[in-house]
Amino acid sequence: AVERTFSMIKPDATRRNVTGAITAMLEEAGLTVVASRRVWMSRREAEGFYAVHKERPFFGELVESMSSGPTVVQVLQGENAIARNREIMGATNPADAAEGTIRKAFALSIGENSVHGSDAPETAAQEIAYWFSETEIVG
Ligand code: CMP
């Protein structure tokens, strides 16, 4: 089925000016960018977005790095978009990411892993709604 998923190009990637290269890989994977905005999130916004991880030992580091520079928040649309995006992103830890994936090509470490993508339909809906109103999504 055609789905929507949420994607984020993280500060480690915007800093290296590879947002276009990453977006090209998403498009080559068959996904369409139906909403996109560059945003420098506040600590509070990062804490809210990643609230599910607030008890994790890496939460402070995660919030720090996500608010350290601009990100590009996007909505991707396509056939099986959630799984397709996770496939093209590659494993969370770049050491485990397969050849040809975004994280294999660009990620620096597990914390600075260049992209985020929703992991399930419920989280995709929540994460899209966190950053976009329905009128900003043009499919
Ligand atoms: P992401 O898909 O954005 O979801 C949560 C993020 O937490 C994850 O990608 C990683 O960047 C980060 N993360 C997960 N595990 C660790 C860890 N052990 N140390 C630092 N950051 C982590």
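Note that the structure is predicted; figures quoted are calculated from it, not measured. Side chains included, hydrogens not; waters and symmetry mates left out as well; all remaining heavy atoms used.
Applying the side-chain contact (heavy atoms from CB on, under 4.5 Å) test to Val52 and every residue at least two apart in sequence or in another chain returns nothing. Residues passing the salt bridge (charged side-chain N to carboxylate O under 4.0 Å, His left out) test with Glu79: none are found, sequence neighbours excluded. Contacts of Glu87 classified as side chain to side chain donor-acceptor pair (under 3.5 Å), with partners at least two apart in sequence or in another chain: Arg84. Annotation: salt bridge (charged side-chain N to carboxylate O under 4.0 Å, His left out) contacts of Glu134 (sequence neighbours excluded): Arg4. In this structure, the side chain to side chain donor-acceptor pair (under 3.5 Å) partners of Asn113, at least two apart in sequence or on a different chain, are Lys10. Partners of Arg15 under the side chain to side chain donor-acceptor pair (under 3.5 Å) rule, at least two apart in sequence or in another chain, are Ser68. For Glu127, the side chain to side chain donor-acceptor pair (under 3.5 Å) test picks out His116, Ser118, with sequence neighbours left out. Remark: Pro70 pairs with Thr14, Arg38, Trp40 by the side-chain contact (heavy atoms from CB on, under 4.5 Å) rule, at least two apart or across chains. In this view, Thr101 and Ala97, Ala98, Lys104 satisfy the side-chain contact (heavy atoms from CB on, under 4.5 Å) rule, not counting sequence neighbours. In this structure, the side-chain contact (heavy atoms from CB on, under 4.5 Å) partners of Ala95, at least two apart in sequence or on a different chain, are Asn93.
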Below 3.5 Å, can you tabulate the donor-acceptor pairs from side chains in residues 21-29 to any protein atom, sequence neighbours excluded?
unit_1 : atom_1 : unit_2 : atom_2 : d
Thr23  : OG1    : Thr19  : O      : 2.7
Thr23  : OG1    : Gln74  : NE2    : 3.4

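Closest approach of Ser114 and Ala13 over heavy atoms only: O-CB, 3.9 Å.
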Using side chain to side chain contact (heavy atoms under 4.5 Å, CB included), reason through Thr32 and Leu76 one step at a time and then give a plain yes or no.
CA-CA 5 Å; Thr32 302; Leu76 308 177; over 6 Å; no
With side-chain hydrogen bond (donor to acceptor under 3.5 Å, both in side chains) as the test, would you mind laying out the steps for Thr5 and Asn85 before giving the verdict?
CA-CA 8 Å; Thr5 191; Asn85 183 41; 4.5 Å; no
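Hydrophobic clustering, with ILVMFWY side chains joined whenever heavy atoms are under 4.5 angstrom apart, keeps Ile110 apart from Val115. In this structure, Leu31 is a member of the same hydrophobic cluster as Val18, with clusters built from ILVMFWY side-chain heavy atoms closer than 4.5 Å.
For Glu45 (side chain) and Ser42 (main-chain N/O), a donor-acceptor pair under 3.5 Å exists by modelled atom type. Without hydrogens or angle criteria, Arg86 side chain to Gly117 main chain gives a donor-acceptor distance under 3.5 Å.
The closest side-chain heavy-atom distance from Ile82 to Pro121 is below 4.5 Å.
Connectivity analysis of hydrophobic side chains (ILVMFWY, heavy atoms under 4.5 Å, direct or indirect) links Phe58 to Phe6, Met8, Val34, Val39, Met41, Phe49, Tyr50, Phe59, Leu62, Val63, Met66, Val73, Val75, Ile128, Tyr130, Trp131, Phe132, Ile137.
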